[in-house]
Amino acid sequence: MSQREISSDEAIDRLLTGLRKAEAPQGMERRVLEAAQARAAERNGWTVAVLLRARPWAVAAVGAVILSIAASNALHKRGRIEVTSVKTPIASRAVIQAAQLEEAPAAGRPRRGEVSLPRQNEAKAEVLSAEDALAVSEMNAPSRPAPPLPLTRQEELLAEAVHQAGPEELSSLRDEVRARQMELSKAEFHDFFEPPPAKGNE
Amino acid sequence: MTSVKGYSLALPSTEEVASEVDLAALVETYSALLFRVAHSVLRSRHEAEDVVQDVFVRVLEHRLSLPEVRDLRVWLVRIAWNLALDRRRRIRPDQIDAAFAETLVATSTPADQALNEAQQMSNVLRELERLPKAERHVLLLSAIEELDTREMAEVLKKSESAVRALLFRARTRLRERMNKGGAR
């Protein structure tokens with residue numbers, strides 16, 4: 001039995017007719033209405049409430065990250081050293097500990113680092129660099145007089161130029177020393193110019 | 001169309017309620033037309049329904065600017081058309097076209113004859129996809145009898161005379177290619 005070949009025009013018309021008579025699935029209007037409203041609500045109402053219903057873990061994670069960033073910024077502003085990492089180099093840790101030791105008596109309250117240290121291995125411990133720790137320690141250090149420093153060569157030359165006299169001359173500036181020297185010089189003068197005693201008196 | 005005009009009656013104070021009512025009217029009025037528009041491109045009922053959903057999502061997103069739309073019917077058709085073309089690029093059209101070609105064969109046809117005709121319809125669809133884009137688009141839109149030449153021209157952003165010329169050339173080219181062996 002030979003199969004009937006359909007002509008080109010007939011095939012085209014059948015195709016176009018098939019496209020024209022395509023019927024929407026049963027219940028499409030209801031599904032479209034519900035889906036469109038739900039999707040529009042999702043797009044327009046990306047609120048925390050919707051997120052909490054859909055992905056509570058994501059909201060919690062975002063909140064934790066925001067809180068940690070805010071806490072980190074606040075501590076940076078106060079110049080506190082909250083947490084040090086276990087991997088901090090020894091030199092850096094020494095500087096940090098020195099800063100904490102200086103900070104504690106000045107603050108008059110327990111160091112906050114002691115509270116947060118147990119948490120240092122938990123999550124995202126913030127590591128301050130050695131430069132930051134040094135700057136913080138210098139900022140919190142109490143004021144003290146400058147330490148005595150040896151004179152430089154130029155300062156020694158200047159001092160010599162000002163003070164040409166020896167120790168005796170310098171000592172004449174003191175009254176008691178000057179008076180004693182005057183008495184001594186008078187005695188020497190008197191002894192030198194005093195006339196010898198007459199022989200007849202002996 | 002009265003329900004379309006009613007869409008512009010959205011009251012600012014009850015915007016949410018009004019949009020729901022209007023959306024229901026819009027879906028009832030246009031969903032079938034939009035489904036056929038999308039189906040002409042996608043040839044899949046499931047994909048076409050998804051496109052219709054996307055169209056009305058966009059309607060809700062732009063509901064405040066809807067009163068400015070001059071021809072809501074053409075605007076919706078154009079959205080559906082563009083969404084369908086975009087979705088067509090992301091699916092595997094060969095398998096979908098083969099399934100659609102089988103639906104074009106009468107159910108009363110004997111099995112061997114039905115198989116042969118389904119193969120011929122698949123060839124038609126393949127040759128249709130090989131047409132130049134402008135001609136293919138005009139031919140597909142012409143299958144939707146609700147759209148006249150003016151509306152097709154607005155959807156495709158061409159002049160009416162250009163649409164008529166493209167439609168003539170599309171049918172002629174498709175017929176010639178099938179006569180050369182495309183329909184075999």
Side-chain angles (χ1 to χ4, degrees), chain A residues 1-70, chain B residues 19-20 23-24 26-28 31-36 38-41 43 45-46 48-50 52-61 63 100-101 103-105 109-110 112-113 115-117 120-121 123-125 127-128 139-140 142-146 171 174-179 182-184:
Chain A
M1 176 181 162
S2 63
Q3 294 178 355
R4 172 179 166 270
E5 287 287 334
I6 56 178
S7 65
S8 302
D9 280 331
E10 186 182 354
I12 294 170
D13 288 338
R14 188 182 291 189
L15 169 64
L16 296 180
T17 303
L19 293 175
R20 183 178 302 123
K21 291 184 176 177
E23 292 291 334
Q26 196 76 20
M28 185 191 75
E29 292 182 4
R30 178 183 49 80
R31 289 193 299 273
V32 165
L33 192 60
E34 292 172 356
Q37 287 173 339
R39 287 169 62 182
E42 281 182 9
R43 291 192 184 185
N44 294 333
W46 245 59
T47 59
V48 176
V50 174
L51 279 176
L52 275 175
R53 276 204 305 272
R55 298 176 181 85
W57 56 269
V59 176
V62 170
V65 169
I66 292 173
L67 284 177
S68 63
I69 291 173
Chain B
S19 66
E20 287 179 8
L23 183 68
L26 285 174
V27 169
E28 184 182 357
S31 61
L33 169 63
L34 300 180
F35 174 83
R36 277 191 286 278
H39 186 267
S40 68
V41 177
R43 270 90 78 179
R45 291 158 64 91
H46 177 72
E49 183 175 335
D50 286 349
V52 176
Q53 286 183 10
D54 288 343
V55 171
F56 287 109
V57 168
R58 278 161 176 73
V59 168
L60 283 181
E61 288 175 350
R63 60 182 180 273
F100 176 67
T103 65
L104 297 176
V105 180
T109 308
D112 53 346
Q113 179 71 18
L115 190 64
N116 183 40
E117 289 186 11
Q120 291 182 53
M121 298 313 299
N123 291 338
V124 177
L125 285 168
E127 292 299 326
L128 174 69
L139 189 59
L140 289 174
S142 72
I144 303 163
E145 60 185 0
E146 294 104 315
R171 288 198 66 122
L174 185 58
R175 188 186 308 115
E176 288 174 355
R177 287 184 177 179
M178 290 177 60
N179 287 336
R184 205 173 302 280

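Residue numbering restarts at 1 for every chain, and letters A, B, ... go by the order of the sequence lines. Quantities reported herein were computed from a predicted structural model and do not represent experimental measurements.
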| remark: Here the gap from B/Leu26 atom CG to B/Phe56 atom CZ, rounded to the nearest 0.5 Å, amounts to 6.0 Å
| said: Please determine whether a side-chain nitrogen of the Lys or Arg among A/Arg14 and A/Glu10 lies less than 4.0 Å from a carboxylate oxygen of the Asp or Glu. | reply: yes
| task | May I ask you to name which of B/Glu28, B/Arg171, B/Glu146 has the most heavy-atom pairs under 4.5 Å with chain A? | result | B/Arg171
| query | Hey, which of B/Glu49, B/His46, B/Arg45 has the most heavy atom pairs under 4.5 Å with chain A? | reply | B/Glu49
| task | Below 4.5 Å from any heavy atom of chain B, which atoms of A/Arg31 appear? Answer side chain, backbone, both or neither. | result | both
| Can you find a heavy atom in the side chain of B/Ile144 that is under 4.5 Å from one in the side chain of A/Arg20? | no
| query | Pick from B/Leu125, B/Leu140, B/Val27: which one has the most heavy-atom pairs with chain A under 4.5 Å? | reply | B/Val27
| said: Is the shortest side-chain heavy-atom distance between A/Leu16 and B/Leu139 below 4.5 Å? | reply: yes
